[in-house]
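Just below is one structure, and these are the notes that go with it.
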Amino acid sequence: METRYNHKDIEEKWLKNWNEQKNFKPASDVSKSSSEHFSIVIPPPNVTGALHLGHALNNTIQDILIRYNRKLGKNTLWIPGTDHAGIATQAVVEKRLLKDEKKTRHDLGREELVKRIWDWKNEYEARITSQLKLLGSSCDWDRQRFTLDPMCAKAVRYAFFNLFKKGLIFRGKRLVNWDTHLHTAVADDEIYHENVKGHFWTFKYPLADGSGYIPVATTRPETILGDTAVAVHPEDERYKKFIGKTLKVPFVNREIPVIADAILVDREFGTGSVKVTPAHDPNDYATGLRHKLPMINILNEDGSLNENAGEFKGLKGEKARAAVVEGLEKESLLIKVEDHEMQVGKSDRSKTIIEPYLSDQWFVKMDKLAEKAMQAVESGEVKFTPARYAKNYLNWLGEKRDWCISRQLWWGHQIPIWYASSEPTHFANRKDIHYFKAESGDWLVCSLEEDLPENEKLTRDPDVLDTWFSSALWPHSTMGWPSETEDLKNFYPTSVLVTARDIISLWVARMVIFSQENMGKIPFNNVYINPTILDGQGRRMSKSLGNGVDPLDIIEKYGADSLRFVMCSICTENQEARLPVKKEKLEDGREINISEKFEIGRNFGNKLWNAARFLQPHISGESVNRENLSSDNLEDKWILSRLNTVIKETQNAIANYRFSEYAATIYHFVWDDLCSRYLEIKKGEISKESSSLLSYSLYTVLDLLHPIMPFITEELNDILFPNSQRVILREFPKANENLINAEIEKQFEDIFTIVEAVRSVRGRYSIAPSQKITAVAKTTVDLKSSKSMIEDLGLCSFELGEKPAFSASVVIPGGEVFVPLEGILNKETEIARLKKEIEKAESFAASIEKKLSNENFVKNAPVAVIDGEKQKLATQRDIVEKCKVALTELT
RNA sequence: GGACAAUUAGCUCAGUUGGUUUAGAGCGCUGCCUUCACACGGCAGAGGUCACAAGUUCAAAUCUUGUAUUGUCCACCA
């Protein structure tokens, strides 16, 4: 074995091996197994780009759960896949098209553009898959899905058809967030808000009879052209008299009423009067509905003003605004202009300003569906970890907003709806076709499977569905729904969903809804929300900030196991994980981002590697003895107690999704207990018995650690225990409670304090390890067979006895340790140290005395606590006493 | 504006139901050691009034309230 663990070849070797042995496939595929199932569907990464560190974290956690449950003997399935990510993917491809070829999608046409996006998808899906594999993800790659593949497409058609038939999908004119650049509606959550410095224009709204005006203020003067009312507060003395009167809209000369509306109008704000543009503002839209106002659309799809804008037709954005302001000025209607800071919504995808826009869209009616999905969480059927995220889910669903599912895009599932101008009676007897007459007079025809032929009577809706529509079906569409498949029988519902908190509403909630609707069951019992990874300054990692860390760089530099170990370690309740990012120049000239955090994982792997390397010659060829583990040696009983405690703690941690605790428990056991203590004790003379316990401990550690660090554990197992079953499949250790013994652990710790006392003297005087020293202890602790252990670890010759002359002393519980240092002992050093020790112990003792002299404490506190305090006090007094004696001897 | 969180050593973070912790780990720092598994290592050590204020309690890093700062999600003002 090499002195350092070299991950590169080893990772490749085991990926190949596991794959060849079909270890990632569920047991039921390989043999007839009827054991309990454990299944996960991957949150499908978007094919927009390669995976980042957040994905690495998300998938590490999933793989840990999968590998752990596989080792528990469950019939385990992890379904991988990717998401077409509608707008996002089309946007990146269109952007590249414009950059490379100076073409827009209209130059290419729908068919050609979609073909280009498929090419992009194929490239990135391959990259994503390769990244997941290199991470060690034990997915069943034969079941890989894509949200646009035929299996998922069928599920989408069935889901849509069913909802349509039930009347839960409807088409309507709604105010949507319109992306004027991409010419599509976007969801509320695809918008971000930016503070911009704008203006607040106050102008005169003239009465139709010419008898005066109402002053109205606005940040968007161009929308005057679409006004259909002006609202005032019903109890506003200034404007009460105008209610019911008629105003004339400047430029277009339309007559509109003055209405009273206490919801829209805040008397204190601005002029206390509000112009109402129902077609271009959400609040105004609501007002329009309340007052049955006409809704006049003044925009074209590209955001330019349309024919309803009269003389301003064709103008767009800032130009339109400037022209309208100029017009107001010309007609002497402008009163004043103020600076005004406001927020504008921008599209995530195109980064352009979103216009509220009235258009025909498809919606899912949410009220009843949301209600049921809320119940699933309220009843505890679906459990969130950490629990507080349930609130997030419930709040959002509680709004029960109808979900706009149509997108004016080309990349996605085209809506299976055809418009007919007259009743399509020839479909009347078809079970797979459902139609009805819409408010608009059109007949809406939905076809379950077949794409209907288009002609002059029948045209297909060109829109596609919101990406989240197909994502919402993911847990059952990937298993073959609506067909009654074996997978659905064997693996549905899934066991846990591991995802990020920012898509709880977008995705998690909708999966629950659609699963309840389609399957009549919840999609998963548990939702684990994994932390968000931030850089050292607490910012999200992103391309534009240049602070993103590529998981492949980390895998190359530190190894997949190191990456995984650190990912596991940062999964705490905190839910935010900062990784200080550092630039590094590689030999080939590439500059990459890394984080020194990953050294922890690499160093840990190396530590384990070397422990195994040391042990290897002693145990080669022997099989592990897992029976007859009893021993009379204190240290042997101790390591068995520790090992079994760790098994218990590990299982506990995983069961409660406490991943950082899981990693820390094993790290501490391997490094401190196994290597620094047990191995150091045993290394002097490795007998048959001790090597068997050592190898047993290591063997068990490989199992415990395998879910986090699969590669190195499998490799070490192959080296040390070539005749055993591979770690990936063999049974996870079970704790033997009989071997857990707190008394033994305490005894061992007591003896170890003697070792540490000797070492601290050595440290205090900087005595090189090569220089032999003697240690003498006066103690009540039973030392029995531990003399040689103290001598080995303390690098001293050790005996019991009274204090020799010229010795440094250390007080330990129940005694004192002396190290004679004639010629080396420095009085000042000793005196200073003793004084410090006394001071510390005295102040501690004082605080305990204070506590114990408090009547209420003695009266109310449990006996055990009081006894504990008394014990502590006695210890501190003992320290003071002994140190004082030592001090007098020195002075 | 609403909701949810965070604030503990120079840095990144643990600390599960208040009492075995006048607070732990890793990195960094100081001293000693290339000792026959590991310098990606060993041993010893320095370093914190647990953001601030009030309260509850015999007892608070831990519970309550308030303040400050930071972050996330949701909703948004003509």
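Because the structure is a prediction, the values reported are computed rather than measured. Residue numbers start from 1 in every chain, and the chains themselves are labelled A, B, ... in the order their sequence lines are given, proteins ahead of strands.
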If the condition is ring-ring contact (aromatic ring centres under 6.0 Å, His included), which residues does [X] pass it with, not counting sequence neighbours?
X        : value
A/Tyr389 : none
A/His668 : none
A/Phe669 : none
A/Phe752 : A/Phe748

Please enumerate all residues that pass salt bridge (Lys or Arg N to Asp or Glu O under 4.0 Å) together with A/Lys557, with sequence neighbours excluded. A/Glu584

Can you name the side-chain contact (heavy atoms from CB on, under 4.5 Å) partners of A/Val325, sequence neighbours left out? A/Trp201, A/Pro221, A/Leu334

Taking side-chain contact (heavy atoms from CB on, under 4.5 Å) as the test, write out the residues that go with A/Lys8, two or more places apart. A/Asn6, A/Glu556

Using atom names, set out every protein N or O paired with an N or O of nucleotides 17-20 of chain B below 3.5 Å, distance rounded to 0.1 Å.
none

Taking any heavy-atom pair under 4.0 Å as a contact, classify A/Lys836: base, sugar-phosphate, or nothing. sugar-phosphate

Quick test: give all pairs of protein nitrogen or oxygen and nucleotides 3-5 of chain B nitrogen or oxygen below 3.5 Å, distance rounded to 0.1 Å.
from : atom 1 : to       : atom 2 : distance (Å)
B/C4 : OP1    : A/Lys391 : NZ     : 2.7

For residues 654-669 of chain A, which residues have at least one heavy atom under 4.0 Å from RNA chain B? A/Arg658, A/Glu661, A/Tyr667

Close residues, residues 224-232 of chain A, relative to RNA chain B [heavy-atom separation under 4.0 Å]: none

Intra- and inter-strand pairs of RNA chain B in dot-bracket (Watson-Crick or G-U wobble, both distances under 3.5 Å; | for another strand): (((((((..((((.....[....)))).(((((.......))))).....(((((..]....))))))))))))....

